[in-house]
2 protein chains.
Amino acid sequence: MKPRTDLLQGTLEMLVLTTLADEPMHGWGICERVQELSEDVLKLNHGSLYPALQRLKRRGWVRSEWRQTENNRRARYYALTAAGRTHLGDEVAQWRRSSQAVERILDLLPGAGE
Amino acid sequence: MKPRTDLLQGTLEMLVLTTLADEPMHGWGICERVQELSEDVLKLNHGSLYPALQRLKRRGWVRSEWRQTENNRRARYYALTAAGRTHLGDEVAQWRRSSQAVERILDLLPGAGE
DNA sequence: TGGCTTCCTATCGACGGTCGACATAAGCCA
DNA sequence: TGGCTTATGTCGACCGTCGATAGGAAGCCA
C-alpha cells in the first residue's frame with residue numbers, strides 16, 4: 001500500500017459522505033448535522049460545502065434532486081450512490097490508518113504516554 | 001472554544017515539531033523518521049518539508065544551525081524552541097479534539113460500532 | 001401590506017499549503 | 001573518473017478552503 005503524502009486533507013468530503021450514509025440531506029442540513037454531532041468542534045463553511053458537493057456529484061458518489069423541506073422550502077437533497085458508499089468505505093479505512101499513524105508518533109512525545 | 005473550520009490541515013507542521021521534541025534533527029532525518037515511525041503510512045515530501053521548516057523558523061518555533069552529520073556531511077540541524085514546545089502542546093491538543101470529533105461521527109456509520 | 005428573520009443555494013477572488021520536478025553540492029567508493 | 005547516497009533548497013502549478021457576498025422563497029408579526 002502506498003503511503004499517503006497529502007496527510008489529512010479531504011476530511012471534509014469524508015464527513016459529508018458520512019452524514020449522507022444514513023439518509024439523504026440538503027446542504028444546510030449537512031452543515032448543521034456535522035456541527036451538532038461533533039459538539040461544535042467541527043464546522044463546515046457554506047463556501048466549502050457547496051463546491052465539495054459538486055465535486056462529489058461530478059465523481060458519481062452522490063446524486064441530487066430538488067425536493068420540499070419539512071418547512072415547505074425547496075432544497076437540493078443529496079443521496080449517497082452505491083459507488084459513493086464503496087468510496088466512503090475506502091476513505092474511512094485510509095483515514096483511520098493515517099490518524100492512527102499520527103497518534104503513534106504523538107504518543108512518543110515526552111509526557112504523552114505512561 | 002471556537003470550532004476549527006480548517007479541519008485537519010497543518011498536520012505536517014505538527015509532525016515536524018513532534019519529531020524535533022526529542023532532539024535536534026536535520027530535514028532529511030525528519031523525513032526518514034516520520035516515515036519510519038508511521039510504518040510507511042505517512043510520508044513527507046522534500047518540497048513540502050523545507051518550506052514548512054522555514055515557516056516554523058520564521059514563527060520562532062524552531063531554530064537552526066549548520067552542523068556536521070555522523071557521516072561527515074554538512075546539514076542544517078533544527079531544534080525546538082521553548083515557544084515551539086508550547087505551541088506544539090496546543091497543536092496536539094487541538095488535533096486530538098478534532099480527530100476524536102471525526103471519529104465520533106464515523107462511529108455512527110452503519111456497521112461501524114457494536 | 002410591508003418588513004424582518006430564517007432557511008437554503010450558490011459563486012467569487014484570494015490565500016496558502018502541498019506536490020512533483022528540478023537544481024545543486026559534497027562525501028564516499030570503485 | 002563516474003556514479004551513488006546524503007542533503008538542502010526552489011519553482012510553477014494545482015486545488016481545496018475561506019470569508020464575503022448575493023439572492024430567493026417561506027413564515028411571522030405588526
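Predicted, not measured: the structure shown is a model, and the values here were computed from it.
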_I'd like to know if the side chain of B:T81 reaches the main chain of B:G60, judged simply by a donor and an acceptor atom lying under 3.5 Å from each other, with no hydrogens or angles considered._
yes

*B:R85 side chain to B:A21 main-chain N or O, any donor-acceptor pair under 3.5 Å?*
yes

In whole angstrom, what separates [X]'s [atom1] from [N]'s [atom2]?
X: A:Y77; N: C:dT9; atom1: OH; atom2: C1'; value: 13 Å
X: B:R76; N: C:dA25; atom1: CZ; atom2: P; value: 16 Å
X: B:E13; N: C:dG17; atom1: CD; atom2: P; value: 7 Å

Show each protein N/O and nucleotides 21-29 of chain D N/O combination with a separation under 3.5 Å, one pair to a line.
from   : atom 1 : to    : atom 2 : distance (Å)
D:dA26 : N3     : A:R73 : NH2    : 3.0

*Can you check side chain to side chain contact (heavy atoms under 4.5 Å, CB included) on B:R97 and B:Q94, steps first, answer last?*
CA-CA 5 Å; B:R97 268 198 316 130; B:Q94 197 172 39; 3.8 Å; yes

*Residue pairs involving residues 58-70 of chain A (criterion side-chain hydrogen bond (donor to acceptor under 3.5 Å, both in side chains); sequence neighbours excluded)*: A:E13-A:R59, A:K57-A:S64, A:E65-A:R67, A:Q68-A:N72

_Residue list, side-chain hydrogen bond (donor to acceptor under 3.5 Å, both in side chains) with B:E103, at least two apart or on another chain_ = A:R96

*For A:Y78, report the nucleic acid contact type (base, sugar-phosphate, nothing); a contact means any heavy atom under 4.0 Å.*
sugar-phosphate

*Excluding sequence neighbours, so at least two apart, what forms side-chain contact (heavy atoms from CB on, under 4.5 Å) with A:L37?*
A:R33, B:I105, B:L108

*Name every residue in residues 17-27 of chain A that has at least one heavy atom under 4.0 Å from any atom of DNA chain D, in order of residue number, or write none if there are no such residues.*
none

*Return the residues of residues 49-66 of chain A meeting this criterion: a heavy atom under 4.0 Å from some atom of DNA chain D. Order them by number, or give none.*
A:R55, A:R59

*Select from A:G47 and A:T69 the residue whose nearest nucleotide in DNA chain C is closer to the 5' end of that strand.*
A:T69

*Would you please name every residue forming a salt bridge (Lys or Arg N to Asp or Glu O under 4.0 Å) with B:E39, sequence neighbours left out?*
A:R104

_Show me the pairs that pass ring-ring contact (aromatic ring centres under 6.0 Å, His included) and involve residues 19-40 of chain B, at least two apart or across chains._
B:H26-B:Y77, B:W28-B:H46

*Does A:N45 put a side-chain nitrogen or oxygen below 4.0 Å from OP1 or OP2 of D:dG19?*
yes

